Peer 1: 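Structure below; questions to follow.
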Amino acid sequence: MKNYTPKKGFNEVPSEEETSRYKDFGKLVYNHQRMTKP
Amino acid sequence: MTPQEEIGVIERAKTDPTAFGPLYETHFNVVFGFIFKRVRNSDLTGELASNVFLKALHALPRYEVSGAPFSAWLIRIALNEVRLYFRRTKRDVMVPLNESDVSQLREELPDMEGQEQSLALLANCLGKLDDDDQTIIELRFFELYSFADIGGILEVSADNAKTRTYRALGRLRKLMTDRP
């Protein structure tokens, strides 16, 4: 359930630097191939 | 990447997953931000974002280019992933709202002034709306998506997206004026 708290607001997101820590294209392709391989 | 180039990359990635890279790079931050705004936790967002791209890569061979941008298709998958997460965990989340978030929404409620428009009341009434109404108000008034993009995300026409938005707004207005 989502509640809203009045005030950083809704549109505040982590910095690009922090966001890029979660990027991992190699892992994505590996997982995809592992799941699609017969 | 131009829309035409993007279509070319999509077609290549349908048969070669490694060609999906440019799409991943281009859209990762948008998808990450979209999810973060709703779950307010970076690690959880990272996990859900990787699920979104994995599902997108699986479903890519069935993707057909339509009027809506590719990002709308990804956001639709992200929205479903967030909903699935909340349905599975039944967790509560507190989403912060500040004055700049609600400025567009206030313009749609011109007949409400003073106390009736206070941020606290607005936040309280938004919390009472159902998930569909909250989603469409967030997309339109907080994230400023066009009706065409909202239509692409929700798989409806732009006109239908507009109708749904103003119905949700009507329900919000009713909650704000009917309070005891």
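Every chain is numbered from 1, with letters handed out A, B, ... down the list of sequences. Just so it is clear, the structure is predicted and the values come from calculations on it, not from any experiment.
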Peer 1: Do A:Asn11 and B:Asp101 come within less than 4.5 Å of each other through their side chains, counting heavy atoms only?
Peer 2: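 When only atoms from C-beta onward are counted, B:Asp101 and A:Asn11 do touch, with a gap below 4.5 Å.
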Peer 1: What residue in A:Val29, A:Leu28, A:Asn31 has the most heavy-atom pairs under 4.5 Å with chain B?
Peer 2: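 Ranked by heavy-atom pairs under 4.5 Å with chain B, first place is A:Leu28.
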Peer 1: Counting distance only, does the side-chain N/O of B:Arg40 pair as donor-acceptor with the main-chain N or O of A:Phe10 below 3.5 Å?
Peer 2: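 Yes, B:Arg40 side chain to A:Phe10 backbone: donor-acceptor pair under 3.5 Å.
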Peer 1: Look at B:Ala123, B:Gly33, B:Gly46 and state which one has the largest set of heavy-atom pairs under 4.5 Å with chain A.
Peer 2: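 Result: the option with the highest number of such pairs is B:Ala123.
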Peer 1: Just so I know, are the side chains of B:Tyr24 and A:Lys23 near enough to count as touching, which here means a heavy-atom distance under 4.5 Å?
Peer 2: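 Heavy-atom side-chain distance check passes, below 4.5 Å.
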Peer 1: Shorter than 4.5 Å, heavy atoms on both sides: which option in B:Glu138, B:Arg38, B:Glu25, B:Glu143 has the most such pairs with chain A?
Peer 2: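 If we count pairs closer than 4.5 Å to chain A, B:Glu138 comes out on top.
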Peer 1: Once rounded to the nearest 0.5 Å, what's the spacing between atom CE of B:Met94 and atom CG of A:Asn3?
Peer 2: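 Here the rounded value is 5.5 Å.
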Peer 1: With rounding to the nearest 0.5 Å, note down the distance linking OG1 in B:Thr45 to CD in A:Glu18.
Peer 2: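 These two atoms lie 9.0 Å from each other.
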Peer 1: Less than 3.5 Å apart, any donor N or O on the side chain of B:Asp43 or A:Tyr22 sitting next to an acceptor on the other?
Peer 2: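 Yes, A:Tyr22 and B:Asp43 have a side-chain donor paired with an acceptor closer than 3.5 Å.
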Peer 1: Taking the side chain as C-beta and beyond, is there a heavy-atom pair between B:Ser50 and A:Lys27 under 4.5 Å?
Peer 2: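 No, their side chains stay 4.5 Å or more apart.
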Peer 1: Identify which part of B:Phe32 has an atom lying under 4.5 Å from any heavy atom of chain A, answering side chain, backbone, both or neither.
Peer 2: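 It is the side chain, since no backbone atom gets that close.
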Peer 1: Within the 4.5 Å heavy-atom criterion, are B:Phe53 and A:Phe25 side-chain neighbours or not?
Peer 2: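 SC-SC contact between B:Phe53 and A:Phe25 ruled out.
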Peer 1: Does B:Ser100 have any side chain to side chain contact (heavy atoms under 4.5 Å, CB included) partners at least two apart in sequence or in another chain, and if so, which?
Peer 2: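 Applying side chain to side chain contact (heavy atoms under 4.5 Å, CB included) to B:Ser100 gives B:Asn98.
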Peer 1: What are the two closest heavy atoms between A:Pro6 and B:Ala120, and how far apart are they?
Peer 2: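 That would be CG-CA, 3.8 Å.
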Peer 1: Is B:Phe36 close to chain A through its backbone or its side chain, or both, or neither, when contacts mean heavy atoms under 4.5 Å?
Peer 2: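 Answer is side chain: those atoms of B:Phe36 sit under 4.5 Å from chain A.
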Peer 1: Taking side chain as everything from C-beta outward and backbone as N, CA, C, O, which of these in B:Glu47 sits under 4.5 Å from a heavy atom of chain A? Side chain, backbone, both or neither.
Peer 2: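 B:Glu47 has no heavy atom closer than 4.5 Å to chain A.
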